[in-house]
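Report on the structure given below.
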Amino acid sequence: MTTELKNRLKKIAAENGRSMNAEIMARIEQSFEITATERSKAVALLAQALAILEGSA
C-alpha cells in the first residue's frame with residue numbers, strides 16, 4: 001500500500017469512527033453489494049424478459 005493511500009485511508013477511517021482495518025473491510029463488503037437502483041433495474045429487465053417469453057409460448 002502506498003503511503004498516500006494509507007494516509008487517505010487513515011483519514012477516512014477516523015472520519016467514519018473506524019479503525020483502518022474496519023474501514024478496509026467495510027469498503028470490501030460494500031463492493032460486493034448492488035444498489036437498490038441496480039436491483040430495481042435488474043428486476044424490471046427480468047420482468048420484461050419473462051413477459052416476452054410468456055408471450056411467445
Legend entry - Verdict with supporting geometry, Leu45 and Gln48, side-chain contact (heavy atoms from CB on, under 4.5 Å): CA-CA 5 Å; Leu45 286 171; Gln48 287 177 332; 3.6 Å; yes
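- Note that CD of Glu4 and CG of Leu9 are 12.0 Å apart. Values are rounded to the nearest 0.5 Å.
- In this structure, the side chains of Ile12 and Arg18 stay at 4.5 Å or more apart for every pair of heavy atoms.
- Distance NZ/Lys11 to CD/Glu23: 12.0 Å, rounded to 0.5 Å.
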Inset, instruction - Before giving the answer on side-chain contact (heavy atoms from CB on, under 4.5 Å), spell out for Lys41 and Thr37 the whole-Å C-alpha distance, their side-chain angles and the decisive distance to 0.1 Å. - result: CA-CA 6 Å; Lys41 287 179 181 178; Thr37 301; 3.9 Å; yes
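- Taking all atoms of both residues into account, the shortest heavy-atom contact from Ser19 to Ala22 is OG-N, 3.0 Å.
- Residue Ile34 is not grouped with residue Val43 when hydrophobic side chains (ILVMFWY) are merged at heavy-atom distances under 4.5 angstrom, including chains of intermediate members.
- Within a 6.0 Å sphere centred on CD of Glu15, other residues, nucleotides and ligands contribute more than 12 heavy atoms.
- The environment of Gln30 atom CD is sparse: at most 12 non-hydrogen atoms of other residues, nucleotides or ligands sit within 6.0 angstrom.
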